[in-house]
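Notes to accompany the following structure.
Order of the sequence lines fixes the chain letters, A, B, ..., with proteins taken first and strands second; residue numbering starts at 1 for each chain.
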Amino acid sequence: MTANPHNDSLTALMHLALAGDATAYQRLLHALAQLLRHSLWHKMRQIGAGDDTEDLVQDILIALHNKKHTYDVSQPLLPWVRAIAHYKWVDYVRLKMRRPTTVDVDDITLLADATDIAAHNSVIKDVTYFLDQLPPQQAELVRLAKLHGHSMNEISARMQLSVTAVKVSLHRAMHKLKAMAHSAQIKAEEE
Amino acid sequence: MSLAPRPSTSQLIATLSSHMATAPAVTYFTPVLFGTVILLILILFISIIALELGLRPDLLNALGHLDYINKLALAALTAIGAIWAMWRSARPTALVAKLAWMAPLTIALASFAQAIAQPALTPNDQSGWACLAYVTGLSLPALALAFCYLRQMAPLKPAWSGFWAGLACSGLAATAYALHCPNDTASYVVMWYIPALLLPAFIGSIAGRYLLRW
């Protein structure tokens, strides 16, 4: 970093804040929150977690606050912010992708194993983003089978397909969804 | 979906700001304090070795011999490099300098080369086990202290920070132990000193993975 740290207004705000200026700190945190919101938004959407963006922004603000003594005042502020934000982002992705209630190729029962409605709803919202990327018929099959819990016979009748065709198509769709979720996770961790 | 900030974030910011007004940034993690604690730990280690095992009687004489300097330098340079790496790795933007490792690495490699040339030791050397035991035994409490420090910091790679902490502790302990240890051959160094240095480092890296996350 060759930029003069004192030309950077955010760095200047941080220096004031560390000297005890709470108003400067407040302005700084609002500015950082907005920056974080924008840079995280697309990444969060890609893993189907758009609604959780603000939660992650808050987590990062708290981390910045708790670890502010690790900021070197002779250096510009933003690289330090980015490093902490990235650390929390990777943590979030790992936590999210480890949940058992995501797509499972072998699981013919309802997607949401979780018994509480909140977890069920957020799983549905995660999957919806990926579903939109499937061919319409496959997406509909997944919705009917997994989200609405219809049996193979019901789906076959509704969509005018043989039960075998339904099973094969559904199997392929689940495979694709799993691959999408997996590559989104890898991409998120690489950043 | 909108990018509008939520009210709870504004509340959070207000809370954090009021906290800032009443309790400004922690100021005690200064390099001076850090260095002082390290020095005190080294002095403690040397005192324990001197009292329990006794410093080697020919210490001043040995300092004139290359073998001994080699051994002492390996331990001391490892300690210095690891302390530096631990300090840097505890902060989010400081890069850990790789050049710091040239010195101890060179000595370690030189020792390996020499040891291959003169294979004169059996593995059942009692004093070797004592070396391993003392260095590890001194390192582990110091490692616990190092972890107390690191948990207050923000290491981006917790396992690595644990590794540097373990190596710093073992480096200091090995430096102290070298003031007692009478055996200066390269084979001894390779067979006992290098594992003694690395064992606490690996313990630190495994512990760091779990204990140094934040």
>> As an exercise, state the distance from CH2 of B:W214 to CD1 of A:I84, rounded to the nearest 0.5 Å.
In response: 4.5 Å

>> Need one label for B:P155: side chain, backbone, both or neither, based on atoms under 4.5 Å from any heavy atom in chain A.
In response: backbone

>> Atom CZ of residue position B:R209 - does it have more than 12 heavy atoms of other residues, nucleotides or ligands inside 6.0 Å?
In response: no

> Which pair of non-hydrogen atoms, one from B:T9 and one from A:A33, has the smallest distance, and what is that distance?
Replying inline: CG2-CB, 4.5 Å

> Rounded to the nearest 0.5 Å, how far apart are CE of B:M20 and CG of A:L29?
Replying inline: 8.0 Å

> So which part of A:A24 gets closer than 4.5 Å to some heavy atom of chain B, the side chain, the backbone, both or neither?
Replying inline: neither

> If you take all heavy atoms of B:P92 and A:T70, which pair is closest and at what distance?
Replying inline: CD-OG1, 3.4 Å

> Can you find a heavy atom in the side chain of A:H30 that is under 4.5 Å from one in the side chain of B:I13?
Replying inline: yes

> Considering all heavy atoms of both residues, which atom of A:Q26 and which atom of B:A14 are nearest to each other, and what is their separation?
Replying inline: NE2-CA, 3.9 Å

> Roughly how far apart are A:Q58 CD and B:Q11 CD, rounded to 0.5 Å?
Replying inline: 9.0 Å

> Do any N or O atoms from the side chain of A:H69 and from the backbone of B:Q152 form a donor-acceptor pair under 3.5 angstrom?
Replying inline: yes

> Got a second to check how far A:L61's CG is from B:T15's OG1, nearest 0.5 Å?
Replying inline: 11.5 Å

> To the nearest 0.5 Å, what is the distance between CG (B:L16) and NE2 (A:H65)?
Replying inline: 5.0 Å

> Out of A:D91, A:L28, A:T23, which one racks up the most heavy-atom pairs below 4.5 Å with chain B?
Replying inline: A:D91

> For the residue pair A:Y25 and B:S17, what are the closest heavy atoms and their distance?
Replying inline: CD2-CA, 3.8 Å

> What distance do B:R213 atom CZ and A:Y87 atom OH have between them, rounded to the nearest 0.5 Å?
Replying inline: 4.0 Å

